[in-house]
Structure formats: C-alpha cells, structure tokens
Amino acid sequence: MDAMMGVPGYNNSVCGGEIVYKSKDECLSATKVDLNTHGIAGFSPGDDVIPAAYRWPVELSPKVDYEDYESSVPVVDMAELYPNEARRGLDDVAEVAKKRIVAEMLKAAETWGVFQIVNHGVAAELMERLQAQAHKFFSLPMELKNEISVKKVSTGSVLLGYGFKVRGGSLTHCTWSEGLYLAAGDVSFLKDSANKLYSKDCDKESFVSTVLEYEAAVNQCSLQVLHLLAEGMGIDPAHFDRYLNKDVTIQRWNYYPPCPEPERTLGLLEHTDAGLLAAVHLGDVGGLQVQRDGKWFAVRPEKNGFAIILGDMLEMMTRGRFHSVPHRAVVNKSKPRLSIGNFLFLNQTMEVVSPTDLPVPAAEEERDTRPEYRPFTFAELLAHKLSTKPLRTFEFFKVQHKSLVPTS
C-alpha cells in the first residue's frame, strides 16, 4: 500500500490518492488520533498516566500553565516597513516609524531577550504551506520517519534529521515531543530526505520547494531584525553578518501531542539558543515559556507572527546588553501543538573574539571594557551546549580578570 494514502495536506497540489483538506483545522480534526500518538514510546491513546521515562523531577516540572498569559512578551508591529503589503527598502520608510520599531526591539532585547513580530513581510500563505508540510511529516508512520533519524554532521556537532530531545546535562528523561532538524540551505540533504519519506514525485517536490521558499523568506526577515538591532546599538547594521554562514539555515520542526499529565513532563527542557537569534512560528496554541528575573512567563502566540529569541552568541557579542533568554516548551491535555524555528547559522570555524569597541550606554560609562571571554569558535560552543551546558553556554569561555580597583 502506498505510504502516503490517506495522509492529508492542505493548500498543496493534489497528488493521486491523497486526501486534501482546505484548512489546518479540518486537517487536524481529521487526523487527531494519529498525530497525537506518534513519537511517544510506551503510551497508547486513552492512557491516563504517562510512562516513567517522561516523568520529570518535581523541581523541573512546569508550575505555569500553557495559557497562563499573566504578562505579555513585547510585540513589535513592522507593518510600516512594508507599505501596501509589498517589501520595500528601508530608505523608503518614514524615519519616525523606523525609529519607533528600532526602539521597541532594542528595549525588548535589553529587558526580555525575546519579542514577537507581526506584519513582518513573510506571507501568511507561505507559513500555512510549511505548517502543512510539517503536519504531513509528523503523521507519517514511525518506520518512515526513522529513515531520516537524527545524526551529528560536520565539525560542530550539528544535528540533522528526525528524533527526540532526550536529556539536558546529566538528566535522562524524555520530553513529550518529536522533532525534525533540517539544513534548509542544503538542497541535496532535503532531496535525499524527501526520497526516503515520499513515493510520489509531487510530494517530494512540494517538500523541498516549500522548505527552501520558507527559508529564504524567514532568513530575509531575520537578517532585517538583526540589522535593526545593530543599528539601534549605534553600530553598522551589517556588523554581525561576518559571522554568518549564509548558505545554511537550520530549521527545527517540533510537534507536541496532547498529554494526560502535562504538569509532570516537558515538551522541551529549559535551554538557551546557541546562535545570534531564532525566528519561531508558534502556531496558534500556547506552549512556549520564557524566563525573566527567575520567573516563567507563558507566551501568547500572535497570529502569523514570529517569536524572535535571542541566543548566547548575541549576548556575548553585545557584552551583555542583549539577553540570551532561557526558554522551554510545556504541553497540555487536549490540543496538539506545532512550532517551526529558523536559526541563523554561524560560520563554525571562524574565531569569535569578545568585543572591546562597542558603544557603551551612558549609564555604563565606567564599565570595564577588557575582553570578557577567551576567543572560541561556534563549533566549540555547540559541542559544549549539546554535551554539558544547555543554558548560557558562552559563560564556559568567560575570562576572570584581576580587578582594576586598587586593593590598598
């Protein structure tokens, strides 16, 4: 029997034998049982108790509900950068509007380390098409998904393929989720994955073309956000571009099935991201939580928005002006959730040097400007994050300077 028979899609070309739904809600409703049970070992539909492997220690279990939106993460509306829904250069934008957007991003980066953007120039229709591809993938039989099981590639311990988040540091508990890492700029990897997953040419072509189109659009959006943040700091908008590998973007698809005991498990463990920033489409179900001043906050998903999550490298490269935000994913009892993250990828072998020449805010004029970290490569940072230190990994490279203040 064809593996794709009965697997739904929407807003896609119709392949022979495929059921095509016109909306995401219709697609989810029709496939709820299959989608909710894939990827969770030792668990069957109707079970009231989760397997022991997914039961996290009480001190790590979430205390904030997935929809407990007590305080809202900042939302930046970028509509004034794209008049008439068309992408235009920043030179054509009213200076006052641009300054407002930069100021809002800068404040959020300094106080939260995360913010959401809306009206960002990435077409809603494209976002829907990629979600359809992700739902189609996660509804495949496990034996097909395992054809592209996760593996480490290249010198930087980069993960690609299908798999699960198993532990953080010395912990050995499973997370209530399944995921797919894609090297979105690696066409040969995408084609090889499509050939293993799908039998019909139209399914293969749709998978590859949609991922590439989405990658190009979100990368452009992410770079613009990075440039606006740099400009707000008073430095060259392209200041951080030299560290990027613009040929490769890592895309992470996460699927979180409903869980009968959401208070006893996690969808993703608390961590900080390694790179500069990530643009994450949260879908329409809550689950992302971020930490600020030691307290967890649930992030309310903005329709067709992206959560911009700042990473370790950006905090290090701004000497702590921006924050690498700890974040995690929680699950719920009744609603499946899908999130799609795009990560600006760094050159793994280029040496990163702690900056000493950034503009210093007026309130910090007396700050020590000596290098805070020893030189290191992004490959080193990734290796430490994956093996020992998922939170604020850049602190591993911190230099202890002697005090400049006389002791006598």
Margin query: Under a 3.5 Å cutoff, is there a donor and acceptor pairing between the side chains of S177 and N254?
Written below: no
Check: Which is it for V114 and I308 under the side chain to side chain contact (heavy atoms under 4.5 Å, CB included) test, yes or no, and what are the steps along the way?
Finding: CA-CA 6 Å; V114 60; I308 301 297; 6.0 Å; no
Next item on the list: Return the minimal non-hydrogen interatomic distance between T175 and G267, and the atom names on each side.
Entry: CB-O, 3.2 Å
Next item on the list: Please step through salt bridge (Lys or Arg N to Asp or Glu O under 4.0 Å) for the pair R392 and E395, ending with a clear verdict.
Entry: CA-CA 6 Å; R392 300 176 61 80; E395 292 181 347; 2.8 Å; yes
Next item on the list: Supply the atom-to-atom distance E128 CD to N304 CG, rounded to the nearest 0.5 angstrom.
Entry: 6.5 Å
Next item on the list: Would you mind reporting whether P336 and P258 have side-chain heavy atoms less than 4.5 Å apart?
Entry: yes
Item checked: Presence of salt bridge, E380 and R374, under 4.0 angstrom -> yes
Check: Quick one: does K98's side chain get under 4.5 Å of E80's, heavy atoms only?
Finding: no
Next item on the list: Go through R321 and E315 one step at a time and tell me if the salt bridge (Lys or Arg N to Asp or Glu O under 4.0 Å) criterion holds.
Entry: CA-CA 7 Å; R321 183 170 179 179; E315 176 163 341; over 6 Å; no
Checklist line | Atom pair CG/CG of L197 and D203 - distance to nearest 0.5 Å | finding: 10.0 Å
Checklist line | Check: D241/H227 side-chain N/O donor and acceptor closer than 3.5 Å | finding: yes
Note to self: If we count only N and O atoms by modelled type, under 3.5 Å, do the side chains of T377 and Q348 hold a donor and an acceptor together?
What the structure shows: no
Check: Salt bridge check: are E67 and K335 linked by an N-O gap of less than 4.0 Å?
Finding: yes
Check: Between Q131 and H281, is a side chain to side chain donor-acceptor pair (under 3.5 Å) present by the stated rule, with each step listed?
Finding: CA-CA 9 Å; Q131 288 181 74; H281 179 43; 3.1 Å; yes
Margin query: Quick check against the 3.5 Å criterion: does R319 have a side-chain atom that pairs as donor or acceptor with the backbone of M316?
Written below: no
Margin query: Can you confirm whether the side chains of T272 and D312 place a donor and an acceptor under 3.5 Å from each other?
Written below: yes
Next item on the list: Keeping the roles fixed (side chain from E261, backbone from V49), state whether a donor-acceptor pair exists under 3.5 Å.
Entry: no
Note to self: Using 0.5 Å steps for rounding, measure from the CG atom of D65 to the CD atom of Q289.
What the structure shows: 8.0 Å
Check: Quick one: do R337 and D284 make a salt bridge, cutoff under 4.0 Å?
Finding: no
Next item on the list: Return the orientation label for the W253 and F137 ring planes: parallel under 30°, perpendicular over 60°, tilted otherwise.
Entry: perpendicular
Next item on the list: List the steps and the verdict of side chain to side chain contact (heavy atoms under 4.5 Å, CB included) for V75 and V118.
Entry: CA-CA 7 Å; V75 179; V118 295; 4.2 Å; yes
Margin query: When you compare the side chain of V76 with that of I101, does any pair of heavy atoms fall below 4.5 Å?
Written below: yes
Margin query: Could you check whether any side-chain N or O of W176 sits under 3.5 Å from a backbone N or O of L268, counting only pairs where one atom can act as donor and the other as acceptor?
Written below: no
Notebook entry, point to check: Do you know the tightest heavy-atom contact between A194 and F207?
Noted result: CB-CD2, 3.8 Å
Item checked: Flag, side chain of Q116 to backbone of E302, donor-acceptor distance under 3.5 Å -> yes
Note to self: Check whether H384 reaches the backbone of T393 with its side chain - one donor and one acceptor, N or O, closer than 3.5 Å.
What the structure shows: no
Next item on the list: Answer yes if the side chains of N195 and S193 hold a donor-acceptor pair under 3.5 Å, and no otherwise.
Entry: no
Next item on the list: Flag yes if more than 12 heavy atoms outside K333 fall under 6.0 Å of its NZ atom; otherwise flag no.
Entry: no
Notebook entry, point to check: Do other residues, nucleotides or ligands put more than 12 heavy atoms under 6.0 Å from the NZ atom of K191?
Noted result: no
Margin query: Are the side chains of I309 and L288 in contact, using a 4.5 Å heavy-atom criterion?
Written below: yes
Margin query: Within the structure provided, determine whether M78 and L81 are in side-chain contact (heavy-atom separation under 4.5 Å).
Written below: yes
Notebook entry, point to check: Where is the tightest heavy-atom contact between Y256 and S339, given as atom of each residue plus distance?
Noted result: CE1-OG, 3.9 Å
Check: L140 and Y162: side chain to side chain contact (heavy atoms under 4.5 Å, CB included), yes or no, with the steps?
Finding: CA-CA 12 Å; L140 290 173; Y162 171 74; over 6 Å; no
Checklist line | Under 3.5 Å donor-acceptor, H120 side chain and V122 backbone | finding: yes
Note to self: One pair to check against salt bridge (Lys or Arg N to Asp or Glu O under 4.0 Å): E205 and K200. What are the steps and the verdict?
What the structure shows: CA-CA 9 Å; E205 292 166 4; K200 295 184 177 69; over 6 Å; no
Next item on the list: Could you walk me through whether Y255 and F138 pass ring pair (Phe, Tyr, Trp, His ring centres under 6.0 Å), step by step?
Entry: CA-CA 7 Å; Y255 177 71; F138 287 120; 5.7 Å; yes
Next item on the list: Take the angle between the ring planes of F345 and F378 and call it parallel below 30°, perpendicular above 60°, tilted in between.
Entry: perpendicular
Next item on the list: Measure from the side-chain N and O atoms of D186 to the backbone N and O of F189, and report whether any donor-acceptor pair falls under 3.5 Å.
Entry: yes
Item checked: Rounded distance (nearest 0.5 Å) linking atom CD1 of I340 with atom CZ of F306 -> 9.0 Å
Next item on the list: Start with the C-alpha gap between F240 and L314, add the side-chain angles, then the distance that decides, and say whether side chain to side chain contact (heavy atoms under 4.5 Å, CB included) holds.
Entry: CA-CA 9 Å; F240 300 108; L314 196 57; 3.8 Å; yes
Next item on the list: Quick one: closest heavy-atom pair of E147 and K196, and the distance?
Entry: O-CD, 3.6 Å
Item checked: C174 side, atom SG; I40 side, atom CD1 - distance, nearest 0.5 Å -> 8.5 Å
Check: Is there a donor-acceptor pair closer than 3.5 Å between any side-chain N or O of T265 and the backbone N or O of P262?
Finding: no
Notebook entry, point to check: Are side-chain N/O atoms of Q251 and Y181 paired as donor and acceptor at under 3.5 Å?
Noted result: no
Notebook entry, point to check: Ignoring hydrogens and geometry, is there a side-chain-to-backbone donor-acceptor pair from E270 to H327 under 3.5 Å?
Noted result: no
Check: Looking only at heavy atoms, which two atoms of V218 and A279 are closest? And how far apart?
Finding: CG1-CB, 3.9 Å
Next item on the list: Flag the pair V330 / R328 as yes when at least one side-chain heavy-atom distance between them is below 4.5 Å, and no otherwise.
Entry: yes
Check: Can you name the closest pair of heavy atoms from Y69 and G286 and give their distance?
Finding: OH-CA, 3.4 Å
Next item on the list: For residues L182 and L160, determine if any side-chain heavy atom of one lies less than 4.5 Å from a side-chain heavy atom of the other.
Entry: no
Next item on the list: Please answer whether the main-chain N or O of P237 pairs with a side-chain N or O of H239 as donor and acceptor at a distance below 3.5 Å.
Entry: no
Item checked: Spacing of L226 atom CG and C221 atom SG [to the nearest 0.5 Å] -> 11.5 Å
Next item on the list: Compute whether any side-chain donor of one residue and acceptor of the other, for D77 and N119, lie under 3.5 angstrom apart.
Entry: yes
Checklist line | R264 NZ/CZ over W56 ring centroid, <6.0 Å and within 45° of normal | finding: no
Check: Is D192 close to I148 at the side-chain level, that is, under 4.5 Å between some pair of heavy atoms?
Finding: no
